[in-house]
Amino acid sequence: MAVVPGDGAGKEVVPEAVKVLRAVGAGLEFEEYDISADRYLATGVSLDEDTFADLRGADAILFGAVGDPRVDEHYAAGILLRIRFEMDLWANLRPARLYDARLSPLRDEKAREVDLLVVRENTEGVYIGAGGRFKKDTPDEVAIQEDVNTYKGVNRILEDAFRRARREVCMVDKSNAMGFAGGLWQSRWKAVAPAHPEVRARHLYSDACAMELVRDPSQFDVIVTGNLFGDLLSDLSAQLIGGMGIAPSANLNPDTGQGLFEPVHGSAPKLAGRGIVNPVGAILSAGMMLSQLGLEDEAKAVEDAVVATIRDRRCTADIGGELSTSAAGDAVVRNLKGV
Ligand code: IPM
Ligand code: MN
């Protein structure tokens, strides 16, 4: 198991997730790697080739967050997006499950039954870095960011969404305004959806989906979408279940079984270093890692332990408790039932 705490909040939450993984008793071994802005500033290298070779060879990578106000945004993207792309972790799973009604901003009780999964295409779209800036830094500047969508990439993420659905898949695109990319999504959708008659299939434009998520998130089961819309809709879903501190994610290559597991939040430089960041997003990501490794009982034990701590308010202040990061991790460990 490769462990990459990274920067800021990542350095605080990942040790809590490792603490829980040790306590769950699955006999995992951990190898920790220093990929951080400190190291980058000292050496000029963000992700060295030896480290990357080790990560490529790992069954699973438990990842915190990268990013630091002292370096530009290319630093974080260069690490995280490079791992996602070069390991072909093409499915980004971002579940949102409301563990305690008090964490929901929604007034209607029925609307608070949030238990959905965003299946985000993770290796294409506007994220691939194709484009350029012409007449840079002049009043005539033109910037182009290409949105690249492939038959293979769209087809496999749609199929993956159907494999994970319990009752419905909602495909989200913006084909009314972005006809080329949207056209490919629509044509693969029309081919893939009818092959899964046991699962309901529905389409929403991305703007309507954002609105429906806020109005009544209980209607959703699986939302499948491209890289950028998945980024936006997964932050929105995270807020519906209590905020960025508790949302987990899994970046998977379902063909090889490899994965990188990280909280949806970033390095949170404004909060990091004070022992207040919430370890739950990282702990639930570690739980998703257990499930991917086939350790379903252990994964369930971790999620159940987290739910119990949230319900007793044995958690950090962002979700209504008073505990420090480390005490919140200890509380999860204490709630682990024998597995
Ligand atoms: C995420 C993050 C990344 C993304 C950033 C850091 C490039 O926001 O994992 O959601 O946009 O994918
Ligand atoms: Mn994001």
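Every number for a ligand or one of its atoms is a count from 1 in the order of the listing.
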Residue and atom name of the nearest protein heavy atom (relative to atom 8 (O) of ligand 1), distance in Å to one decimal: D231 OD1, 3.5 Å

Run the contact test for R94 against ligand 1 with a 4.0 Å cut-off on heavy atoms, strictly below, and give the result. yes

Determine, for R102 against D100, whether the closest basic-nitrogen to carboxylate-oxygen distance falls under 4.0 angstrom. yes

Between the side chains of T138 and D140, is a donor N or O closer than 3.5 angstrom to an acceptor N or O? no

Any heavy atom of R120 closer to ligand 1 than 4.0 angstrom? yes

Tell me whether E168 contacts the main-chain N or O of R202 through its side chain, where contact means a donor paired with an acceptor under 3.5 Å. no

Do H203 and Q186 pass the side chain to side chain contact (heavy atoms under 4.5 Å, CB included) test, and can you show the C-alpha distance, the side-chain angles, and the key distance before you say yes or no? CA-CA 9 Å; H203 169 259; Q186 285 293 329; 3.1 Å; yes

Verify same cluster id: L117, W189 (apolar side-chain graph, 4.5 Å): yes

Atom 1 (C) of ligand 1 touched by protein (heavy atom, under 4.0 Å): yes

Under 2.8 Å from the Mn ion (ligand 2), how many protein N/O/S atoms do you get? Just the number, please. 1

So is R84 touching ligand 1 or not, going by heavy atoms under 4.0 Å? yes

What protein heavy atom sits nearest atom 5 (C) of ligand 1, and how far off is it? L80 CD2, 4.8 Å

Please state which protein non-hydrogen atom is closest to atom 11 (O) of ligand 1 and give its distance, to 0.1 Å? Y127 OH, 2.6 Å

Using a strict cut-off of less than 4.0 Å between a Lys/Arg side-chain nitrogen and an Asp/Glu carboxylate oxygen, indicate whether D231 and R120 qualify as a salt bridge. yes

Passing candidate, side chain to side chain contact (heavy atoms under 4.5 Å, CB included) with N149, options N227, L184, D173: L184

Centroid separation Y40 to Y75 less than 6.0 Å: yes

Could you verify whether a donor N or O on one side chain and an acceptor N or O on the other, from R94 and S234, lie under 3.5 Å apart? yes

